[in-house]
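Contents: one structure, followed by commentary.
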Amino acid sequence: MRIATWNINSLRLRLPLLERLAAEAAPDVLCLQETKVVDDSFPRAAVAGLGYEHMAFRGMKSYNGVAILSRRPIEIVEDRKFCGREDCRHVAARIDGLDLHCLYVPAGGDEPDPAVNDKFAHKLDFLDEMASWSRSLNGGGRPVVLAGDFNVAPLETDVWSHRQLLNVVSHTPVEVERLDGAQAAGAWVDAVRRFIPPEVRLYSWWSYRARDWAASDRGRRLDHVWVSPDLAGRLRGASVLREARGWEKPSDHVPVIVDLAA
DNA sequence: ATGGTAGTTTCACTA
């Protein structure tokens, strides 16, 4: 099973890019974030036309929104209202007996101080809830995958400059500590770093604001796929589709792809 | 230290 996660930054605007991803990488299952479409307007027919006939989505007006697109039937759909909010940051689907959770962690605003920045406080709360919630997911004997835009680049090699980003939201020690706590809570395995070792620099996001994203290459690895320990033995490969950042009218994130043995 | 771009509910908000 090939699983991809992608913050697509408006699903409707990027349907042509979704088609290109389906053609070039052929994921069996796709987790999307920032779909930015209410459920009534979800482009079901276009998505089904790409071969993803089974879908689960939670959308709202303008912001956020998550979706799981699948070639295989979806057995159960759930969502969780993290931090007591209905802001469409989570949807889960059971596919072939595997529970797949699609997550969109709050970005957290600009100021990395929860006392003055409510968005940053929300992000820290969300990551703490990810820890307590995901702890309870594991141990059920069922394989679990957590995938999405976690909006944190945890390793020094997950950013273009560890030193220059220490006080920049997405790479501050307090966020990294929270994300590490969530990972430890479920003993989650970072699937991508099983294949691309931590010594190797790796990004999944490049700002739109760069004059030339590829030349400056000031990226961050914000998008992650974590698998439950019992799934680690089924991992067969992982990649980040860097070239997608150069596609026409791109998202600022690129797809992250993980292969699991059947 | 600043400003840069993109998407959506636009002269404002989020990322």
Side-chain angles (χ1 to χ4, degrees), chain A residues 5-18 20-21 31-43 46-47 57-67 82-83 85-90 102-114 116-127 130 147-154 158-161 163-172 174-176 178-179 203-224 242-256:
Chain A
T5 182
W6 192 12
N7 178 324
I8 198 166
N9 188 18
S10 173
L11 172 58
R12 286 175 294 180
L13 197 64
R14 290 191 224 290
L15 281 169
L17 299 193
L18 187 66
R20 185 163 176 184
L21 179 69
C31 294
L32 301 177
Q33 303 84 37
E34 287 207 87
T35 53
K36 296 186 176 178
V37 59
V38 296
D39 293 348
D40 286 345
S41 302
F42 196 89
V47 168
F57 42 79
R58 296 289 186 270
M60 58 187 282
K61 216 174 189 183
S62 300
Y63 305 117
N64 311 334
V66 287
F82 279 83
C83 302
R85 304 188 190 201
E86 303 211 13
D87 54 357
C88 302
R89 294 180 181 277
H90 173 253
C102 177
L103 287 155
Y104 178 47
V105 175
D110 289 330
E111 185 59 50
D113 179 354
V116 300
N117 175 6
D118 291 341
K119 289 185 234 174
F120 194 70
H122 178 213
K123 182 178 196 174
L124 298 183
D125 289 345
F126 193 104
L127 290 168
M130 253 176 85
D149 177 1
F150 294 179
N151 262 316
V152 180
D158 289 338
V159 292
W160 64 275
S161 168
R163 186 178 59 80
Q164 288 179 258
L165 290 178
L166 271 173
N167 201 36
V168 173
V169 171
S170 72
H171 192 60
T172 64
V174 61
E175 293 166 82
V176 171
R178 295 299 218 288
L179 188 73
Y203 315 137
S204 65
W205 172 90
W206 293 260
S207 172
Y208 281 127
R209 296 174 188 172
R211 221 169 263 119
D212 183 334
W213 71 273
S216 57
D217 201 21
R218 294 185 167 189
R220 308 176 199 171
R221 187 172 72 108
L222 304 178
D223 303 276
H224 302 271
R242 176 186 168 103
E243 67 205 61
R245 186 61 178 79
W247 290 353
E248 194 178 344
K249 290 273 284 175
S251 169
D252 45 355
H253 296 251
V254 298
V256 174

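As the structure is a prediction and not an experimental result, all values here were calculated from the model. All chains are named by letter (A, B, ...) in the order of the sequence lines, taking the proteins before the strands, and each is independently numbered beginning at 1.
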Quiz item: In residues 242-250 of chain A, what residues come within less than 4.0 Å of DNA chain B, judged by heavy atoms?
Solution: A:Lys249
Quiz item: On a whole-Å scale, what distance lies between the C1' atoms belonging to B:dC11 and B:dG7?
Solution: 16 Å
Exercise. Write down the distance separating the C1' atoms in B:dG3 and B:dA15, rounded off to the nearest Å.
Key: 15 Å
Quiz item: Crowded around A:Asp212 CG? As in, over 12 foreign heavy atoms under 6.0 Å?
Solution: yes
Quiz item: Just by distance, with hydrogens left out, do A:Asp223 and A:Trp205 show a side-chain donor and acceptor under 3.5 Å apart?
Solution: no
Quiz item: Does A:Ser62 or A:Arg211 map to a spot on DNA chain B nearer the 5' end, using the closest nucleotide for each?
Solution: A:Arg211
Quiz item: If you walk 5' to 3' along DNA chain B, what is the first nucleotide with an atom under 4.0 Å of a heavy atom in chain A, and what is the last?
Solution: B:dG4 to B:dA15
In residues 7-15 of chain A, what donor-acceptor pairs under 3.5 Å come from side-chain atoms, sequence neighbours left out?
{"from": "A:Asn7", "atom 1": "OD1", "to": "A:Asn9", "atom 2": "N", "distance (Å)": "3.2"}
{"from": "A:Asn7", "atom 1": "ND2", "to": "A:Glu34", "atom 2": "OE2", "distance (Å)": "3.0"}
{"from": "A:Asn7", "atom 1": "ND2", "to": "A:Asp149", "atom 2": "OD2", "distance (Å)": "3.0"}
{"from": "A:Asn9", "atom 1": "OD1", "to": "A:Lys36", "atom 2": "NZ", "distance (Å)": "2.9"}
{"from": "A:Asn9", "atom 1": "ND2", "to": "A:Tyr208", "atom 2": "OH", "distance (Å)": "3.0"}
{"from": "A:Ser10", "atom 1": "OG", "to": "A:Leu13", "atom 2": "N", "distance (Å)": "3.3"}
{"from": "A:Arg12", "atom 1": "NH2", "to": "A:Lys36", "atom 2": "O", "distance (Å)": "3.4"}
{"from": "A:Arg14", "atom 1": "NE", "to": "A:Ile8", "atom 2": "O", "distance (Å)": "2.7"}
{"from": "A:Arg14", "atom 1": "NE", "to": "A:Asn9", "atom 2": "O", "distance (Å)": "3.1"}
{"from": "A:Arg14", "atom 1": "NH1", "to": "A:Lys249", "atom 2": "O", "distance (Å)": "2.7"}
{"from": "A:Arg14", "atom 1": "NH1", "to": "A:Pro250", "atom 2": "O", "distance (Å)": "3.3"}
{"from": "A:Arg14", "atom 1": "NH2", "to": "A:Asn9", "atom 2": "O", "distance (Å)": "3.0"}
{"from": "A:Arg14", "atom 1": "NH2", "to": "A:Tyr208", "atom 2": "OH", "distance (Å)": "3.3"}

Practice problem: Walk me through it: do A:Lys123 and A:Asp118 pass the test salt bridge (charged side-chain N to carboxylate O under 4.0 Å, His left out)? | Solution: CA-CA 9 Å; A:Lys123 182 178 196 174; A:Asp118 291 341; over 6 Å; no
Quiz item: When you match A:Lys36 and A:Gly108 each to their closest nucleotide on DNA chain B, which lands nearer the 5' end?
Solution: A:Lys36
Quiz item: Given the C1' atoms of B:dT5 and B:dT10, what is the spacing between them in whole Å?
Solution: 15 Å
Quiz item: Would you call the rings of A:Trp206 and A:Trp213 parallel, tilted or perpendicular if under 30° counts as parallel and over 60° as perpendicular?
Solution: perpendicular
Quiz item: Under 30°, 30 to 60°, or over 60°: which ring-plane class applies to A:Trp247 and A:Trp6, parallel, tilted or perpendicular?
Solution: perpendicular
Exercise. Could you measure between the two C1' atoms, the one in B:dT9 and the one in B:dC13, and give it in whole Å?
Key: 9 Å
Quiz item: When all nucleic acid strands are considered with a 4.0 Å heavy-atom cut-off, which category describes A:Arg14: base, sugar-phosphate, or nothing?
Solution: sugar-phosphate
Practice problem: Applying side-chain hydrogen bond (donor to acceptor under 3.5 Å, both in side chains), run through A:Arg220 and A:Ser170 and close with a yes or a no. | Solution: CA-CA 8 Å; A:Arg220 308 176 199 171; A:Ser170 72; 3.1 Å; yes
Exercise. Take A:His90 and A:Tyr104 through the test ring pair (Phe, Tyr, Trp, His ring centres under 6.0 Å) and record every step on the way to the result.
Key: CA-CA 6 Å; A:His90 173 253; A:Tyr104 178 47; over 10 Å; no
